[in-house]
J.: 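The structure follows.
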Number of protein chains: 2
Amino acid sequence: MFESIHFHSTGRKITNASDPEVLDRLRSIVGAENVVVDPTRVEPYGGDAVKEKFPPEAVVFPESTVQMVAILKLANEARFPVTARGGGVGYTGGAVPVDGGIVIGTDRMNKILEINADDLYAVTQPGITTFELQQAVEKQGLMFAPDPASYKDSFIGGNIAENAGGMRTPKYGVTKHHVLGLEVVTATGDVIRTGGKTVKNVVGFDLTGLMCGSEGMLGIITEATVKLLPMPEATATVRANFPSMEAGCKVLTKFTPLGLLPMAMEVIDKFCIAAIEELFHFGLSLEAGAILLVAVDGSTEEVERSSKIVERVIAENGGFDVIRAASREEEAKLWDVRRAISPSLMKYGTLKINEDVVVPRSKVPELVATIEQIGKKHDTFVANFGHAGDGNIHVNFVVDREDASAVARARECVAETFQLSVDLGGTISGEHGIGYVKAPYLSYAIDKPTLEIMKGIKKVFDPNGILNPGKMFV
Amino acid sequence: MFESIHFHSTGRKITNASDPEVLDRLRSIVGAENVVVDPTRVEPYGGDAVKEKFPPEAVVFPESTVQMVAILKLANEARFPVTARGGGVGYTGGAVPVDGGIVIGTDRMNKILEINADDLYAVTQPGITTFELQQAVEKQGLMFAPDPASYKDSFIGGNIAENAGGMRTPKYGVTKHHVLGLEVVTATGDVIRTGGKTVKNVVGFDLTGLMCGSEGMLGIITEATVKLLPMPEATATVRANFPSMEAGCKVLTKFTPLGLLPMAMEVIDKFCIAAIEELFHFGLSLEAGAILLVAVDGSTEEVERSSKIVERVIAENGGFDVIRAASREEEAKLWDVRRAISPSLMKYGTLKINEDVVVPRSKVPELVATIEQIGKKHDTFVANFGHAGDGNIHVNFVVDREDASAVARARECVAETFQLSVDLGGTISGEHGIGYVKAPYLSYAIDKPTLEIMKGIKKVFDPNGILNPGKMFV
């Protein structure tokens, strides 16, 4: 079905970026101390959570839009690849310079420029973590809702460029739903301004939406205006076991007739449960076919009311060992199980291929059951968990990194899982993006005319193809 | 500052669409009965709420995507303008064929294809009203949240193409936040599919967001997958008078520290109040500088709790004559005042220029006060009302349609209001779009590099400029 998950060979590429004159000009733009070329120092900028290495020729750290413009004008003129990088913790290589060139680290563009509680927005530079942004707005009683699991490491610029998801999606949507406006430097060094400070804005085409999830291929975000919400008073979490994945997922649909929209609905399959229990001894029931976690938020009274309803609905629909936690500390304990999954799975091998397919949520049981069969067919360990409330499941094929045959089998599993997700009415990525890792599979989900439009748009922003080459479509 | 609000002269234009061979081919695509050329019958398709007439050469009613493809391939080959039309109730001429050609009426593409309560989405053709869609999903206990004032007449296709707003924006956002995926026919007759059925989807560029608000200039929507929510159990409305617009708007910021996010927050200025009272005798206080309406929704208990908080906060912050309504009937009575504005204002003249500027909501008092001065300066009656919770204010300059000097002065007021809105950190349209009416002002809000990108994107979708020419930028 496919030859290799990776169509780029790792290792150092040489482009015009290595020209001494180009490097001197870069140094004159950002200062010599902000251009890193030492091979050992650039190496960390060559990878992400995929754990493959494509070291850049240089890493450049601008501190302003003006410097960003100068860098991109130079790159466009001298024709070398430019890959923007935030926290560098992506799962599909979006920030990795597979074709060489320079990496632009946004680390120095790390100021929050405004937090406006009256008008419910914040203006920030791209180079802070989403956690830092959340902490800053929480001090004023406000919430920035998107919460990708990587929020302590991923930068807000990267989260926007990847349209990051997370657990709160059932109630709050994804990152793009919380971006009001952007300042972006295009490949030609032009500064464009999209959207504004208001939720309503229908002036010209919606370039804000287009930039969200564009993976650094259309421009580099230098400033973002994001939407804030009043911080809800309280949260609560209910955790329960279910006899099967099907029973656990079925219960999610029972909240709708009650007018209830939980903030998060997470599921963990029996293979994850076994792995967690073996390593951590939480006392989880090995009889359980699935664990379901449901979180609600709102006023203290509303959370008390709705979490009791969640508890009751779960109990009435086959859930057992139901626990409700309403203090932050107790809630954290319930979520410990969720956080224990990743380390636990590593006992099955040294390579964990973590995919993030998405299907309409009622299809999750069929998705997971069929993936189990795919794993069996290819003799590959598989365990699933994830965001059942929005149908975004993390599928983990775990093998030994050194066993070429096992790795090949796992990759066959991945391809079949992608096709399955599309067949079930979903798609190949819910929140990780395409990058270079999923690029060979893009045609599973995007037909040719749609792809041609995307390629046309790419050319409008980046006529010479200098921005993040080798990603998405190639 | 500008010569005319309208740079197109009305009246019938003749293009290749009137070629008898072209008309015959159109008849063979959709059936002779679905191609209307009779001048009296095409006339209604030449205007919208702007009340100017640009009659099309023909109105064509396809019933399927296949027919839409054939029409667009023909138009692209024979080079004549194509303007898609939904309910035809827009305020900026988005559906009006200012350059002639054909209008495509989506009236026959009026089926809801799927309502999926388990997975919280609906799939619909473009040619039903948003009200019809809302009614259909409400029967299943679900809500389609966007609620433009025109929802009983505007089609869902048009609402998406215009990225319609409405009153529920403070809590629920705008139309684009509720569109999951689209099937679109581009100007070249290619069918593209954007997004999908899931909230999370990061596969390729986000063309769904780009299509929302693209005003029929990039493609024609033939199918939409929209997001549904559980229907909240209850709603309640609080209405109060305030001594001034400033006091009324200031109270909106007081809900945030309480973790409260009202669904709707509407304001009515003293000029509207006087006009309403004169015509309808509601018994409104003419002492009031502003009326504020605040609506909340949620569980019955939560609505009881939060509406009492709203009532208390209003009373503590200078609101008087506070009334709370918790039944649908009582609520409707409170909102009657809001609905009475438009007819009341017509006593000041025969031409009401209704603009929809938007500013960060804390700037609404300054916006309204300055607009009052602008009106005085140009001897033009002005009254303001609108969506204070999201800063989107409807500014109404009312003059006598036959008084050329008064109309010119009103248009000068409009131009100054647009510049003011931009200066206050907002923009020239919150929910009505640009169309041909606001096209001369686009540069107030969009700078040249950003405009060039938009024009480039237009060319990708529509290389020959056949789709809705004369709109947005020209």
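The figures here come from the full heavy-atom set of this structure, side chains too, leaving out hydrogens, waters and symmetry mates. Quick note on labels: first sequence line is chain A, next is B, and so on, each numbered from 1. Predicted model only: the values in this text are computed from it and were never measured.
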J.: B:Ile446 versus chain A, heavy atoms under 4.5 Å apart: side chain, backbone, both or neither?
T.: side chain
J.: Are any non-hydrogen side-chain atoms of B:Thr256 and A:Leu120 less than 4.5 angstrom apart?
T.: yes
J.: Can you name the one residue among A:Asp390, A:Thr427, A:Asp356, A:Asn163 that meets side chain to side chain donor-acceptor pair (under 3.5 Å) with B:Lys200?
T.: A:Asp390
J.: When only pairs under 4.5 Å are counted, which of B:Ile192, B:Val174, B:Val199, B:Val202 shares the most heavy-atom pairs with chain A?
T.: B:Val202
J.: Which region of A:Ala117, side chain (C-beta onward) or backbone (N, CA, C, O), has a non-hydrogen atom less than 4.5 Å from a non-hydrogen atom of chain B, or is it both or neither?
T.: backbone
J.: When you measure from the side chain of B:Asn201 to the backbone of A:Gly430, do you find a donor-acceptor pair of N or O atoms at a distance under 3.5 Å?
T.: no
J.: When you measure from the side chain of A:Asp190 to the backbone of B:Pro449, do you find a donor-acceptor pair of N or O atoms at a distance under 3.5 Å?
T.: no
J.: What's the shortest heavy-atom distance between A:Glu302 and B:Ser299, and which atoms?
T.: OE1-OG, 2.8 Å
J.: Tell me, side chain or backbone of B:Met143 under 4.5 Å from chain A's heavy atoms, or both, or neither?
T.: neither
J.: Of the backbone (N, CA, C, O) and the side chain (C-beta and beyond), which part of A:Glu162 lies under 4.5 Å from a heavy atom of chain B, both, or neither?
T.: backbone
J.: Return the option, out of A:Leu451, A:Leu442, A:Asn116, A:Leu218, with the maximum number of heavy-atom pairs under 4.5 Å with chain B.
T.: A:Leu218
J.: Please confirm whether the backbone N or O of B:Thr253 pairs with a side-chain atom of A:Asp118, one donor and one acceptor, at under 3.5 Å?
T.: no
J.: Under 4.5 Å heavy-atom distance to chain B, tell me which part of A:Ser429 shows up: side chain, backbone, both or neither.
T.: both
J.: For B:Lys458, is it the side chain, the backbone, both, or neither that has a heavy atom closer than 4.5 Å to a heavy atom of chain A?
T.: both
J.: Chain B: which of A:Ile434, A:Val184, A:Ile428 shares the most heavy-atom pairs with it under 4.5 Å?
T.: A:Ile434
J.: So how far is it from B:Met231 CE to A:Leu258 CG, rounded to the nearest 0.5 Å?
T.: 15.0 Å
J.: Check whether any side-chain N or O of A:Thr450 sits under 3.5 Å from a backbone N or O of B:Arg193 as a donor-acceptor pair, and report yes or no.
T.: yes
J.: What residue, out of A:Gly204, A:Pro170, A:Gly196, has the most heavy-atom pairs lying under 4.5 Å from chain B?
T.: A:Gly204
J.: Pick from B:Thr194, B:Leu260, B:Thr186, B:Leu207: which one has the most heavy-atom pairs with chain A under 4.5 Å?
T.: B:Leu207
J.: Non-hydrogen atoms of chain A under 4.5 Å away: do they reach the side chain of B:Arg361, the backbone, both or neither?
T.: both
J.: State, yes or no, whether a side-chain contact exists between A:Phe205 and B:Phe473 at a heavy-atom distance under 4.5 Å.
T.: yes
J.: Measure A:Met211 against the heavy atoms of chain B and call it side chain, backbone, both or neither at under 4.5 Å.
T.: neither
J.: Does any backbone or side-chain atom of A:Pro360 lie under 4.5 Å from a heavy atom of chain B? Answer side chain, backbone, both or neither.
T.: both
J.: Using a cut-off of 6.0 Å, state whether more than 12 heavy atoms not belonging to A:Lys363 lie near its atom NZ.
T.: no
J.: What distance do B:Lys459 atom NZ and A:Lys459 atom NZ have between them, rounded to the nearest 0.5 Å?
T.: 16.0 Å
J.: With a 4.5 angstrom heavy-atom cut-off, could you sort out which part of B:Glu301 is near chain A: side chain, backbone, both or neither?
T.: side chain
J.: Measure distances from A:His387 to the heavy atoms of chain B and classify the residue's part below 4.5 Å as side chain, backbone, both or neither.
T.: side chain
J.: Considering the options B:Asp206, B:Thr208, B:Ile457, B:Ile453, which one meets the side-chain contact (heavy atoms from CB on, under 4.5 Å) requirement together with A:Leu210?
T.: B:Ile457
J.: For A:Val191, which atoms come within 4.5 Å of any heavy atom of chain B: side chain, backbone, both, or neither?
T.: backbone
J.: Non-hydrogen atoms of chain B under 4.5 Å away: do they reach the side chain of A:Leu142, the backbone, both or neither?
T.: side chain
J.: Between B:Leu252 and chain A, which part of the residue has a heavy atom less than 4.5 Å away: side chain, backbone, both or neither?
T.: neither
J.: Let's test your reading of the structure: which of B:Gly213, B:Gly141, B:Ser362, B:Gly209 forms the most heavy-atom pairs below 4.5 Å with chain A?
T.: B:Ser362
J.: With only heavy atoms counted, which part of B:Thr188 is less than 4.5 Å from chain A, the side chain, the backbone, both or neither?
T.: neither
J.: Between A:Val460, A:Val203, A:Thr198, A:Leu229, which shows the greatest number of heavy-atom pairs under 4.5 Å with chain B?
T.: A:Val203
J.: Answer with side chain, backbone, both or neither: which region of A:Lys455 has an atom nearer than 4.5 Å to a non-hydrogen atom of chain B?
T.: neither
J.: Quick check on B:Val359 against chain A: is it the side chain, the backbone, both or neither that has a heavy atom closer than 4.5 Å?
T.: backbone
J.: Surrounding CD of B:Glu452 (heavy atoms of other residues, nucleotides or ligands, distance under 6.0 Å), is the total greater than 12?
T.: yes
J.: Considering only heavy atoms, which portion of A:Leu228 lies under 4.5 Å from any heavy atom of chain B: side chain, backbone, both, or neither?
T.: neither
